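Have a look at the structure below, then the notes.
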2 protein chains.
Amino acid sequence: MAEGTPFEIPVPNGGKTSRTAPKLDRLLSASAALMSARGFSQTSIRDVAAETGLSLGGMYYYFKNKEDLLFLIQEKTFGSLLEIQEKTITEGGSAEERLQRLVKNHLAYFISHFNELKVCTFELDSLKGERYEKIAQLRRRYFLCMARVVGEMLGVPVDQVEEHGKIRQRTLFIFGMLNWVFMWYVPEKDDSVENLGSEMVDMVMNGLKGGNE
Amino acid sequence: MAEGTPFEIPVPNGGKTSRTAPKLDRLLSASAALMSARGFSQTSIRDVAAETGLSLGGMYYYFKNKEDLLFLIQEKTFGSLLEIQEKTITEGGSAEERLQRLVKNHLAYFISHFNELKVCTFELDSLKGERYEKIAQLRRRYFLCMARVVGEMLGVPVDQVEEHGKIRQRTLFIFGMLNWVFMWYVPEKDDSVENLGSEMVDMVMNGLKGGNE
DNA sequence: TAGTCTATCGAACGTTAGTTCGAAAGATGA
DNA sequence: TCATCTTTCGAACTAACGTTCGATAGACTA
């Protein structure tokens, strides 16, 4: 439990070499694909090894243990999305416009990083202790990012947004719509994500009956 | 895989005796509590045995195997909810009123059967083959139940609802809001479900800014 | 009372999975 | 060439889990 450097990134030489980093990337990507399809606990390291062509023992050169592998995926993926979104709300436009951009960015990221984001969305509870806390912290920042804009639209001062029950609820309703897409989206059957984004924004803004698209 | 009677309900004498059925109920309830908290695959039959005070081997008197246990929970719980909802849409009122009732019923069921419904919501993919199909069928009926009313609100004929892309999306947005509540609802922190239902209905009907509550 | 059905137990088996470890091959640089 | 560092491997260990099975005690019945 208590270790020296619990979260050191296993890229040798602190990432100086440019050969090993892409290999880790491919490893994380293959792991995310497996975990996205079967779930974290049903994905064995032997599965990942077979998928990447490496040996079972060789896996542990890249991560400390299975939970660490999950953490690496989540930190990288969610950190990257969060960076995009926190930047987005600093750019100009009305609250409505910024909320629209947040939703559409999320869905764009959903398409380009489906497996990784699905793992982030559904496997937080598979982390424990310090690793859990680190990712939970990213989630809190993402929530606040969205809640701030929602609060602005409803005329709630920024510093009150966090404890404001109604803002909390409405923000979580939006996250519900966004995150549940993983459960039903089929590229062949459903429209493009652009269209999906427009539809969701319309419903968020104007309700079920929609506005005037 | 191919067995004689794959889905026989393990109540002896076809449920004639009134002693064993409540015992099975308690078993399913305890299982649902464990699976709701840790997930299906992380819940061992040894856990369930310990929770109910029975022995490991004794479990198999009540279900055929672990997947069967999950199936029994889902069939009972989701079947019961579906019955409520299909009845609800036959009762009178405008489409708006019926949609409101559907949402509020779902949330009421969410509160009274939290563990069981959470298992239904997140563990469909843990079933396979025939058992998967049976529960998926219930889900399809539930979807159609909701989609019909949504379609009615948007002026789409009942027989076209199923392939109507927009109806499909908006209905799934609503399910997203409803199902995601499992991920954040804390009785101490959040309002009563009644209030939660009103807020959700308001957002569904009028959008983020809401109507005139 | 003998026999059958209900309900439960404990032990055991086989499999799978996470993790460790020492060896070794390849690359790098003095 | 030699020493060091990076990367990979195969074997092994241990824990946990799903499932099976024969035994058994109690209840009900003929």
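By convention in this document, chain letters (A, B, ...) are assigned in the order of the sequence lines, proteins followed by strands, and residues within each chain are numbered from 1. None of these values were measured; they are calculated from a predicted model.
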Open item on the list: Both A/Q42 and B/G57 contact DNA chain C. Taking the nearest nucleotide for each, which residue is further toward the 5' end?
Closed with: B/G57
TODO: Report yes or no: do B/Q85 and B/N105 form a side-chain donor-acceptor pair below 3.5 Å?
DONE: yes
- [ ] Could you check how far CZ of A/R46 sits from C1' of C/dT15, rounded to whole Å?
- [x] 11 Å
Task: Whole angstrom value for the distance that separates P of D/dC17 from CG of B/D47 - done: 6 Å
- [ ] For B/T43 and for A/L56, locate the closest nucleotide of DNA chain D by heavy-atom distance; then report the residue assigned to the nucleotide nearer the 5' terminus.
- [x] A/L56
Open item on the list: Check this for me, if you would: do B/R141 and B/E86 make a salt bridge, where the nitrogen-to-carboxylate-oxygen distance has to be below 4.0 angstrom?
Closed with: yes
Task: Of the listed nucleotides D/dT19, D/dC9, C/dT19, the one nearest the side chain of A/L54 - done: D/dC9
Task: Separation of atom CE in A/M59 from atom C1' in C/dC21, rounded to whole Å - done: 17 Å
TODO: Provide, to the nearest angstrom, the distance between the CD1 atom belonging to B/I45 and the C1' atom belonging to C/dT8.
DONE: 16 Å
- [ ] Using whole Å, report how far NZ of A/K66 lies from P of C/dA17.
- [x] 9 Å
Task: Phosphate OP1/OP2 of C/dA7 contacted by B/Y61 side-chain N/O (<4.0 Å) - done: yes
TODO: Return the nearest nucleotide to the side chain of A/N65; candidates are C/dA7, D/dT8, C/dT19.
DONE: C/dT19
- [ ] Round to a whole Å and report the spacing from CG of B/L24 to P of C/dA7.
- [x] 11 Å
Open item on the list: Expressed as a whole number of angstroms, how long is the span from B/E67:CD to D/dC17:C1'?
Closed with: 16 Å
Task: Nearest-angstrom distance from the residue atom OH of B/Y60 to P of C/dC13 - done: 17 Å
Task: Given C/dG10, C/dA12, C/dA17, the nucleotide with the shortest approach to the side chain of B/S55 - done: C/dG10
TODO: Look at all strands and tell whether B/S44 reaches a base, only sugar-phosphate, or nothing, counting heavy atoms closer than 4.0 Å.
DONE: sugar-phosphate
Open item on the list: Assess, by modelled atom type and distance only, whether the side chains of B/S126 and B/E123 contain a donor and an acceptor separated by less than 3.5 Å.
Closed with: yes
Task: Near-ring test A/Y132/A/F71, centroid separation under 6.0 angstrom - done: no
- [ ] Specify the closest pair of heavy atoms between A/F143 and A/T171, including all atoms of both residues, with the distance to one decimal.
- [x] CE1-CG2, 3.7 Å
Open item on the list: Just N and O in the side chain of B/Y62: are any of them under 4.0 Å from OP1 or OP2 of C/dT8?
Closed with: yes
